[in-house]
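The block underneath contains the structure these notes are about, expressed in structure tokens.
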Amino acid sequence: MSLSGKHALVTGGGTGIGAATAKWLAAQGAQVTLLGRRLEPLQAVAAEIGRQAFAATADVTDAGAVENAFGASRERFGRHDILVNNAGIARGGPFLRQTDEDWSAIFATNLFSIVTTTKLALPGMLESGWGRVVNVASIAGLRGSPYTTAYTASKHALVGLTRSLALEVWKKGVTVNAVCPGYVDTPMTDQTVANIQKTTGRSEAEARAEIEKLGPRGRMLTSEEVASSIGWLCLEPQSAISGATIPVGGDSF
Ligand code: NDP
């Protein structure tokens with residue numbers, strides 16, 4: 001299998017895109033650490049994967065907790081070869097109603113936590129001369145949309161981080177890329193659907209239909225569709241791709 005001997009750490013690995021990515025990487029032979037705040041979903045995914053998986057709890061916005069979790073993960077499976085920065089949050093609403101706390105929480109989770117995790121994983125990748133960092137941005141990292149200012153700004157910033165860091169480390173064997181999905185059928189989108197219902201009075205089916213028609217394919221993506229793009233970037237032949245922002249099912253064109 002093409003990722004045998006590699007150790008991948010996936011943040012937000014207990015649900016949605018993160019869980020599907022962890023399973024995809026494990027199916028290619030990687031050992032996988034799943035990191036998130038809630039132990040239960042992490043353990044459920046780890047149990048599905050089997051002995052190749054390790055569940056580590058940490059809030060990605062707590063640098064000390066993340067450092068401890070990375071330490072435990074390294075003790076279990078060794079150096080991190082692959083880092084999937086997937087944990088993220090979304091809070092929508094009109095610009096004038098988004099609070100300072102909304103902005104802080106969104107940037108702490110969607111951007112600054114990635115500085116923390118990448119600083120922890122990168123030294124080992126540079127030492128070995130091989131590494132993959134995949135950041136889960138969004139189509140909102142490539143274009144604007146109303147009522148998502150803080151989220152969109154955080155994902156644009158993540159795309160900037162991706163492009164610049166890629167130029168710094170590519171010659172040293174490490175690629176840094178971003179995947180930019182449109183709407184994916186995950187717990188995060190369930191929350192968006194609930195918000196639409198609350199603010200517009202529409203039914204769940206109507207709110208979902210509203211989202212489904214936004215993408216060029218007229219439906220939401222599955223987590224597995226996004227996971228396979230993330231996983232593909234981690235495979236050996238993709239050493240020639242770095243600093244890329246891969247739109248997955250979104251309408252960026
Ligand atoms: P989920 O809500 O299922 O996944 C988010 C994951 O992040 C959860 O497993 C959650 O676990 C974890 N997480 C959130 N905050 C923290 C934190 N502070 N510390 C540690 N873990 C945290 O939704 P998705 O799978 O959809 O989201 C994954 C990524 O995909 C996000 O970055 C999102 O922005 C991005 N994305 C999603 C799209 C969509 O339409 N759903 C579209 C484009 C991009 P826990 O709560 O246990 O900590």
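One-based numbering, in listed order, for ligands and for the atoms of each. As a basis for the values below, the full set of heavy atoms in this structure was taken, side chains included, without hydrogen atoms, waters or symmetry mates. In this text the structure is predicted, and so the values were computed from the model without any measurement.
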Residue pairs passing the side-chain hydrogen bond (donor to acceptor under 3.5 Å, both in side chains) test with at least one member in residues 76-87, sequence neighbours excluded, are S73-H80, R79-D81, N85-T117, N85-T118, N85-N135

Just so I know, are the side chains of E210 and R202 near enough to count as touching, which here means a heavy-atom distance under 4.5 Å? yes

Do you know which two heavy atoms are closest between T152 and R143, and how far apart they sit? CG2-O, 3.6 Å

By side chain to side chain contact (heavy atoms under 4.5 Å, CB included), which residues pair with A8, not counting sequence neighbours? L25, I82

Below 4.0 Å from any atom of ligand 1, which residues have a heavy atom? Give them in chain and number order, please. G12, T15, G16, I17, G36, R37, R38, A58, D59, V60, N86, A87, G88, I89, T109, V136, A137, S138, Y151, K155, P181, G182, Y183, V184, T186, P187, M188, T189

Note: E225-R219 ion pair, threshold 4.0 Å (strictly below): yes

Residues 174-184, side-chain donor-acceptor partners within the protein, below 3.5 Å, at least two apart:
| residue | atom | partner | partner atom | Å |
| --- | --- | --- | --- | --- |
| N177 | OD1 | G243 | N | 3.2 |
| N177 | OD1 | A244 | N | 2.9 |
| N177 | ND2 | I241 | O | 2.9 |

